[in-house]
Amino acid sequence: MEDGNIFISYESKMKSFEDPLQNTFFKYHLNHNIKSYDSDILCNDPSYSEILYDDDYINYLVELHRPIFPPDINVEEFVNENENNKKIKDMSKMNRGNSFMVYRKYLHKHLQISGVNFPMKQLSQLASALWKSEPENVKDHYKVLSERIQELHYERLGNLIINGKRKKSPNDDDDDNEKMSHKKIKDMTKKNGGNSFIIFRKKLNEFLKSKGFNLPMQKLSPLASDLWSKQPEYVKSQHKELSEQTKKLLNEQMKNLYYGQDDNGSFVNNIQSDQLMPTYIELE
DNA sequence: TTGGCAACAATGGAACCG
DNA sequence: CGGTTCCATTGTTGCCAA
């Protein structure tokens with residue numbers, strides 16, 4: 001138990017025990033589940049102990065911990081818990097764990113309740129072993145759960161973005177803001193000021209405007225594209241950094257909203273990156 | 001358009017680093 | 001000693017190249 005993986009195969013694990021009975025888990029298993037075994041052969045004939053180990057013991061260890069189905073998972077609680085998680089990196093990616101993640105989390109709780117506390121590494125391995133042997137309908141169940149979790153999160157995020165911290169008024173049936181979930185939210189959170197090229201194009205547009213040129217998008221985009229492709233690497237990387245920075249800032253703001261902090265909500269959009277502008281801009 | 005690959009979601013202890 | 005990165009896991013996603 002001391003080292004690493006208790007769910008590992010006979011080959012790599014049992015070799016560290018010259019006497020199989022030194023493995024206390026294994027010994028317990030033999031005494032309680034197998035009952036009749038020949039300890040002499042066990043210690044002297046590896047093939048005998050291997051059979052007992054691989055065919056029964058691992059199975060026993062795993063089955064011992066299989067969570068009951070269906071799980072009593074409250075989607076709302078689940079989302080709340082994740083929201084209270086202190087180390088959130090990206091609000092738009094929160095609550096996007098997959099079915100397996102939900103499964104593992106439930107397993108974790110399930111085990112804690114029964115007083116078992118595996119280190120995370122081992123828990124992941126156990127979860128994997130269990131997951132692999134779960135029937136399709138169980139996996140589907142968890143998939144649906146993970147999707148509903150995601151949905152609820154997006155719904156909250158959507159309300160947040162639309163309404164700020166105000167709770168939505170009951171009869172504010174502003175057309176389709178109910179169905180704004182997934183795609184729009186994803187777009188909004190993903191947009192986050194745009195990627196490096198979009199920022200570049202925006203700056204270019206401002207620059208041109210200051211010079212008295214007012215290009216329509218259809219002209220601006222190809223021009224920006226052309227110029228962008230000619231930009232030296234450092235300009236591109238600077239813009240990339242800018243976009244990441246902006247994204248981070250917006251994420252912070254959203255977090256503040258989420259946790260009901262004060263929103264000194266001036267949008268941080270004033271990018272003073274004029275010096276990033278290329279020195280050469282040829283206008284045709 | 002598609003297929004492959006890397007990042008990423010959660011998690012808490014281990015390992016690592018200055 | 002404190003803060004950061006790594007680990008173990010699966011399924012989904014987004015991006016890049018052909």
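Convention: sequence-line order gives letters A, B, ...; per-chain numbering from 1.
Rounded to a whole Å, the CD atom of A:Glu81 is 15 Å from the C1' atom of B:dG12. Going from atom NE2 of A:His108 over to atom P of C:dC7 covers 20 Å, rounded to whole Å. Atom CE of A:Met91 and atom P of B:dA10 are 11 Å apart (whole Å). One interatomic measurement links the two molecules: NZ of A:Lys132 to P of C:dT9, which rounds to 8 Å at whole-angstrom precision. Atom C1' of nucleotide C:dT10 and atom CG of A:Leu130 are separated by 14 Å, given to the nearest angstrom. In this entry the distance linking CG of A:Asn95 with P of C:dT12 reads 16 Å, nearest Å. The OH atom of A:Tyr103 sits 17 Å away from the P atom of B:dT11 (whole-angstrom rounding). When the P atom of C:dT5 is taken as reference, atom NZ of A:Lys121 falls 17 Å away, rounded to whole Å.
When each of C:dA8, B:dA9, C:dG11 is scored by its nearest atom to the side-chain atoms of A:Gln125, the top-ranked nucleotide is C:dA8. Side-chain proximity of A:Arg96 to the nucleotides B:dA10, C:dG14, C:dT10 is greatest for C:dG14. Comparing C:dT9, C:dC7, B:dA9 against the side chain of A:Asp90 picks out B:dA9 as the nearest. In this structure, of C:dA8, C:dT10, B:dA10, it is C:dT10 that holds the atom nearest to the side chain of A:Trp131. Residue A:Ser124 has its side chain nearest to C:dA8 when only B:dA10, C:dT10, C:dA8 are considered.
A donor and an acceptor atom sit less than 3.5 Å apart, one in the side chain of A:Asn98 and one in the base of C:dT10.
For the pair A:Ser99 and C:dG11, the criterion of a side-chain N or O lying under 4.0 Å from OP1 or OP2 is not met. Between A:Lys105 and the phosphate of B:dT11, there is a side-chain N or O to OP1/OP2 separation shorter than 4.0 Å.
Checking A:His110, A:His108, A:His65 one by one against A:Phe118, the ring pair (Phe, Tyr, Trp, His ring centres under 6.0 Å) holds for a single residue, A:His65.
Contacts of A:Lys139 with the nucleic acid, taken as non-hydrogen atoms under 4.0 Å apart, are absent.
For the residue pair A:Arg66 and A:Ser133, a side-chain donor N or O sits within less than 3.5 Å of a side-chain acceptor on the partner.
Using the six-membered ring where Trp is involved, A:Tyr142 and A:Tyr103 have ring planes that are perpendicular, over 60° apart on the 30 and 60° scheme.
The local environment of NZ in A:Lys139 is crowded, with over 12 non-hydrogen atoms from other residues, nucleotides or ligands closer than 6.0 Å.
Between the A:His141 side chain and the A:Glu136 main chain, no donor and acceptor come within less than 3.5 Å of each other.
Sequence order on DNA chain B of the closest nucleotides to A:Gly97 and A:Pro119 puts A:Gly97 first from the 5' end.
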